[in-house]
Amino acid sequence: MLGVFGLRLSRRTSDFYVAGRTVTPGRNAAAIGGEYLSAASFLGVAGLVYDTGVDALWYPIGYTAGYVVLLVLVAAPLRRSGAYTLPDFAEARLESRAVRHLCTVLVVFIGWLYLVPQFQGAGFTLRLVTGAPERLGATVVLVVVVLSVAAGGMRSITLVQAVQYWVKLTALAVPAGVIVAVWWATRGPLPQVDSSWLLPLTGEVPDRHHLYRTFSLLVALALGTTGLPHVVVRYYTNPDGAQARRTTVRVLWLLGMFYVVTIVYGVLGRAYLASSAEDWRADTVVLRLPAQVVDGVPADLLVAALAGGAFAAFLSTSSGLAVAVTGVLNQDVVRPLLAKVTGGDHSEVTGFRLAAVVAVLVPYGLSRFFPEVGLAAFVTLAFVVAASTFFPLLALGVWWPRLTVPGAAAGLLVGAVLATGAIGVTVLVGDRPGWAGALLAQPAAWTVPVALLTAVGVSLATPHRIPRGTRRTLVRLHTPESIPTGALGVPARR
């Protein structure tokens with residue numbers, strides 16, 4: 001219903017891409033929480049706590065810390081850039097179509113990498129709750145996301161995601177409160193764990209490199225948040241840079257409330273659940289736990305609430321990712337292709353809706369072939385790629401005037417190749433003990449610095465390729481909205 005209401009409000013191009021740049025901090029923060037708290041957060045964090053204990057707490061810490069980096073480095077400048085998408089920002093800052101096209105490829109790759117586990121999670125959630133085939137759950141998410149994104153774009157999705165954050169928090173917190181109350185009243189069992197579950201920096205792989213793995217994980221999650229396309233595009237929807245900063249502060253509170261609740265399921269899962277079933281996977285702890293604590297209709301109601309919250313997570317995250325991918329596909333692929341094939345121009349709305357179908361159908365198909373990996377672990381792959389590519393581009397593009405077109409392109413390519421290569425090797429050969437296994441399984445600690453140094457080194461070697469409008473662009477990025485940029489000889493913001 002909210003998506004249909006958004007359709008009535010969406011008429012202009014900016015409505016579809018950035019919700020008309022009129023989203024208030026409170027609503028935008030709830031919408032960010034709605035799309036950011038994905039299947040990995042709703043189900044995966046509890047599964048990681050169940051599996052690895054204290055070490056899993058680094059995941060919510062890293063996810064939340066990413067917004068501190070956003071707040072300090074890029075939130076307000078991104079809004080002041082006047083861009084619609086990450087490729088828009090790259091082209092405005094570097095005045096290069098080649099860098100723009102490279103960013104388009106990376107946005108689509110990261111978006112699809114992030115969408116695959118949403119479809120997988122929807123599939124096993126519906127199968128566990130109703131016994132339906134896994135494909136049905138993924139298909140439901142596919143249809144709903146395509147209809148909502150194509151109908152009203154960002155304006156429609158903002159309304160839906162803001163509501164879905166509170167739906168997810170309520171669906172997770174109320175059953176958790178009931179479970180804790182029953183456990184306390186009946187003096188239920190204590191978690192059955194070994195010493196490594198209670199100690200930090202132990203990990204699942206028996207080697208001595210857990211400190212590096214943990215540090216690299218935090219680098220990936222904190223810096224990767226800054227480079228996630230569906231997160232960055234949210235900052236283009238605020239009215240100004242000050243509102244973008246206020247949005248980030250509110251997001252920190254909302255994420256903190258959510259992640260505290262997920263820990264309950266992982267800890268009490270160790271008390272009530274054993275991993276002996278043939279179809280067992282840790283990501284199902286949240287959905288299995290109520291039936292072990294209470295009986296009959298109350299258990300069914302709690303499971304139904306959790307399943308509804310899980311689907312809200314799948315839908316809201318998938319919608320945000322679909323909008324981000326759709327925007328760049330439409331601008332750089334669909335509309336130019338339509339114009340070439342038909343010999344005429346097409347409206348932004350037509351291209352946006354066609355791009356929305358492509359943006360969602362491809363990862364839906366890929367989800368049928370990818371191996372089953374823990375949801376939080378799978379999503380971390382997207383964070384590693386984002387941290388190794390877009391974080392260097394944004395940090396240098398916003399704060400370093402000597403960034404050149406070859407430097408930016410080299411940093412993006414090197415970061416993408418190294419991060420994807422390391423992850424690919426780990427997927428093929430598995431996580432191995434020793435330094436080689438640690439460096440490949442958690443590569444962000446070295447891929448991000450290498451990408452940054454590559455961009456800086458190539459830029460210093462090509463000073464003649466600094467864009468002519470660099471100083472003017474940086475003035476626009478860093479000038480508060482209270483000072484009209486037109487008075488400084490800078491084009492007005494969009």
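Residues: numbered from 1 along the sequence shown.
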Measuring from Leu254:CG to Leu37:CG, what's the distance to the nearest 0.5 Å?
8.5 Å
Heavy-atom pair of closest approach, residues Gly469 and Glu95
N-OE2, 2.9 Å
Sequence neighbours excluded, which residues qualify as side-chain contact (heavy atoms from CB on, under 4.5 Å) partners of Thr454?
Ala410, Val414, Val450, Val458
Please report the C-alpha distance between Phe89 and Leu477 in whole Å, then the side-chain angles of each, then the deciding distance to 0.1 Å, and finally whether the side-chain contact (heavy atoms from CB on, under 4.5 Å) criterion is met.
CA-CA 11 Å; Phe89 171 82; Leu477 296 182; 4.2 Å; yes
Okay, side chain of Trp58, backbone of Phe215: is any donor-acceptor separation there less than 3.5 Å?
no
If we ignore angles and hydrogens, is there a donor and acceptor under 3.5 Å between the side chains of Tyr259 and Ser41?
yes
Residue of the set Val385, Val325, Leu321 for which side chain to side chain contact (heavy atoms under 4.5 Å, CB included) holds with Tyr114:
Leu321
Test side chain to side chain contact (heavy atoms under 4.5 Å, CB included), reference Tyr67, set Val72, Val249, Thr225, output is Thr225
Which value, rounded to the nearest 0.5 Å, describes the distance between Leu381 atom CG and Leu113 atom CG?
5.5 Å
Rounded distance [0.5 Å steps], CG in Leu86 versus CG in Leu393
7.5 Å
From Leu94 atom CG to Cys103 atom SG, the distance as rounded to the nearest 0.5 Å:
8.0 Å
Whether the side chain of Ser96 engages the backbone of Val99 through a donor-acceptor N/O pair (distance < 3.5 Å, no angle test) should be reported.
yes
Counting only N and O atoms by type, is there a donor-acceptor contact under 3.5 Å from the side chain of His478 to the main-chain atoms of Trp399?
no
Close side-chain approach of Phe390 to Thr226, heavy-atom, < 4.5 Å:
no
Other residues, nucleotides, ligands: >12 heavy atoms within 6.0 Å of Arg100 CZ:
yes
So which heavy atom on Ser216 is nearest to which on Ala444, and how close?
OG-N, 3.2 Å
All heavy atoms of Gly309 vs all of Ala171, minimum pair found to be CA-CB, 3.6 Å
Any chance you could measure Leu48, atom CG, to Thr380, atom OG1, to the nearest 0.5 Å?
7.5 Å
Atom CZ in Arg402, atom OG1 in Thr462: separation rounded to 0.5 Å?
10.5 Å
